[in-house]
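Report on the following structure.
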Amino acid sequence: MKPTIRRGFLLFIWLVLLALPTAALAAGDINPDKVFREASNLIASGDYQTALEVLDRIPAPEGPDNAGDFVKSRIQKAQLYHALGMADDAEASCKEVLALFPDHVEATNMLASLAKAKKPKWVLFIDDMRMFLPSLIQGAGITLFLVLITMVISPLGGLLIALGRISGVPPIRWVCWFIIWFFRGTPLLLQLFFIYYGLPSLGITLSPTTSAIIGLGVNYSAYLAEIIRAGIESIDGGQMEAAKAIGMTYTQAMRRVIVPQTYKRLMPPVGNEFIALIKDTALVSTIAMVELMRSANQMFNTYFNVNVLIIAAMIYLLFTTVFTVTFEKIEKRVGAYENR
């Protein structure tokens with residue numbers, strides 16, 4: 001073979017070899033698994049730009065048949081662009097998928113997420129309020145119910161325990177001391193757990209609502225008992241002697257003379273206890289009650305949106321603010337005679 005012909009033949013073979021990778025790629029003769037594996041390694045190393053270029057190696061198919069690898073690559077590109085803050089490029093990748101599959105759920109959801117991300121933050125917060133508030137209000141209703149019913153039970157229970165604590169009958173005094181000692185000395189969460197989960201082993205099964213009412217009612221009765229006892233003992237002993245001197249019995253003197261004088265002194269600490277009660281109701285979520293905190297936690301675990309926790313905090317603050325203002329007004333009213 002002549003040298004000129006030989007050189008021309010070798011040049012032809014070299015050009016064919018150069019063209020083979022391009023022809024193979026155009027024909028779709030590539031290994032998608034290798035492409036995705038390489039892109040994954042690049043993403044793990046932080047080389048996002050090269051990963052995007054690698055994903056581009058998977059060409060667009062002529063039709064929807066056998067387009068799974070292409071769709072996967074474009075969705076991954078959209079996710080990468082979204083993470084890098086390149087919303088327009090992410091939208092373009094999603095639209096490539098939707099051009100083949102107009103009803104593709106993941107691409108449609110990605111476009112909706114991108115459109116949402118472009119809104120101002122205050123608009124997003126309003127949208128989240130519209131979505132989360134109905135469920136949170138239902139949970140807040142349960143919270144308010146527990147607070148109000150505990151506010152009815154615990155002062156009465158606290159007054160009885162306090163009177164028993166200062167009683168002249170030793171057995172009654174010892175029993176009331178034990179109640180205060182036990183329920184103030186153990187966590188409320190432990191008490192709720194024992195009532196709801198522990199009592200069934202003794203043959204007593206209670207609903208979550210009943211367990212919550214008993215747990216909160218007894219616990220706060222114990223705390224209020226000490227507050228009421230301190231208020232009663234702060235009244236000068238001469239008041240009781242004067243009441244008895246005009247013919248009152250011990251019960252009449254306590255009801256008409258001693259206890260009414262403690263109202264002004266009791267309002268601040270009792271108000272603090274009831275404000276703490278609003279927050280302590282969150283503990284009943286551990287015994288399957290869907291109150292405000294449990295509602296917020298469920299939605300946060302579903303949507304991973306911190307705004308749901310912010311909205312829940314706003315509801316708690318609203319409750320505590322209303323109760324604070326209310327108790328301040330009650331305190332001024334019951335102490336009006338002292339301010340004259």
Side-chain angles (χ1 to χ4, degrees), residues 14-132 135 294-313:
W14 182 68
L15 291 173
V16 170
L17 291 174
L18 284 178
L20 277 176
T22 304
L25 185 60
D29 187 16
I30 59 174
N31 188 339
D33 291 337
K34 184 178 179 181
V35 171
F36 290 125
R37 189 162 51 250
E38 184 179 353
S40 178
N41 292 334
L42 289 167
I43 292 171
S45 65
D47 192 354
Y48 304 121
Q49 189 58 46
T50 306
L52 291 168
E53 294 172 1
V54 168
L55 290 171
D56 268 333
R57 292 178 188 171
I58 299 179
E62 295 180 357
D65 296 336
N66 301 321
D69 293 327
F70 171 75
V71 170
K72 181 179 178 181
S73 68
R74 293 318 184 258
I75 291 295
Q76 285 194 9
K77 283 184 61 180
Q79 292 171 343
L80 263 178
Y81 280 130
H82 187 29
L84 294 171
M86 303 168 68
D88 293 336
D89 292 319
E91 287 182 5
S93 295
C94 291
K95 288 177 181 177
E96 287 186 74
V97 175
L98 293 174
L100 287 173
F101 302 100
D103 297 327
H104 192 273
V105 175
E106 194 170 359
T108 302
N109 290 341
M110 177 71 74
L111 278 179
S113 177
L114 291 168
K116 184 178 179 180
K118 291 182 178 180
K119 294 182 180 180
K121 290 185 177 181
W122 67 270
V123 174
L124 293 177
F125 186 76
I126 296 298
D127 291 342
D128 289 337
M129 284 193 70
R130 291 173 180 171
M131 180 170 63
F132 297 134
S135 297
R294 188 178 180 89
S295 298
N297 188 49
Q298 288 176 340
M299 285 187 285
F300 179 75
N301 290 333
T302 301
Y303 298 99
F304 297 100
N305 189 332
V306 71
N307 283 340
V308 68
L309 301 180
I310 296 174
I311 297 169

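These numbers come from the heavy atoms of this one structure, side chains and all, not from hydrogens, waters or symmetry mates. Residue numbers start at 1 and run along the sequence shown.
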Considering residues, nucleotides and ligands other than Phe300, do more than 12 of their heavy atoms fall under 6.0 Å from its CZ? yes
side-chain contact (heavy atoms from CB on, under 4.5 Å) between Asn305 and Phe132, intermediate numbers included: CA-CA 10 Å; Asn305 189 332; Phe132 297 134; 3.8 Å; yes
Return the [atom1] to [atom2] distance between [X] and [Y], rounded to the nearest 0.5 Å.
X: Leu98; Y: Arg74; atom1: CG; atom2: CZ; answer: 13.5 Å
X: Leu80; Y: Ser93; atom1: CG; atom2: OG; answer: 9.5 Å
X: Asp128; Y: Lys121; atom1: CG; atom2: NZ; answer: 12.5 Å
X: Leu55; Y: Asp69; atom1: CG; atom2: CG; answer: 11.5 Å
X: Gln298; Y: Ser135; atom1: CD; atom2: OG; answer: 9.0 Å
X: Glu106; Y: Leu111; atom1: CD; atom2: CG; answer: 11.5 Å

Work out which heavy atom in [X] is nearest to a heavy atom in [Y]; give both atom names and the distance.
X: Thr108; Y: Pro102; result: OG1-O, 4.3 Å
X: Tyr48; Y: Ile43; result: CE2-O, 3.7 Å
X: His82; Y: Ala90; result: N-CB, 4.0 Å
X: Phe70; Y: Pro59; result: CD1-O, 3.5 Å

Is there a side-chain contact between Phe36 and Ser40, using heavy atoms and a 4.5 Å cut-off? no
Audit row: Met131, Met299, side-chain contact (heavy atoms from CB on, under 4.5 Å) steps and yes/no: CA-CA 10 Å; Met131 180 170 63; Met299 285 187 285; over 6 Å; no
Let's go through Lys77 and Asp56 carefully: what are the C-alpha distance in whole Å and the side-chain angles of both, what is the deciding distance for salt bridge (Lys or Arg N to Asp or Glu O under 4.0 Å) to 0.1 Å, and is it a yes or a no? CA-CA 9 Å; Lys77 283 184 61 180; Asp56 268 333; 2.6 Å; yes
Sole residue of Val54, Leu42, Leu52 in side chain to side chain contact (heavy atoms under 4.5 Å, CB included) with Asp47: Leu42
Would Glu91 and Tyr81 satisfy side-chain contact (heavy atoms from CB on, under 4.5 Å), going step by step from the backbone distance to the final call? CA-CA 9 Å; Glu91 287 182 5; Tyr81 280 130; over 6 Å; no
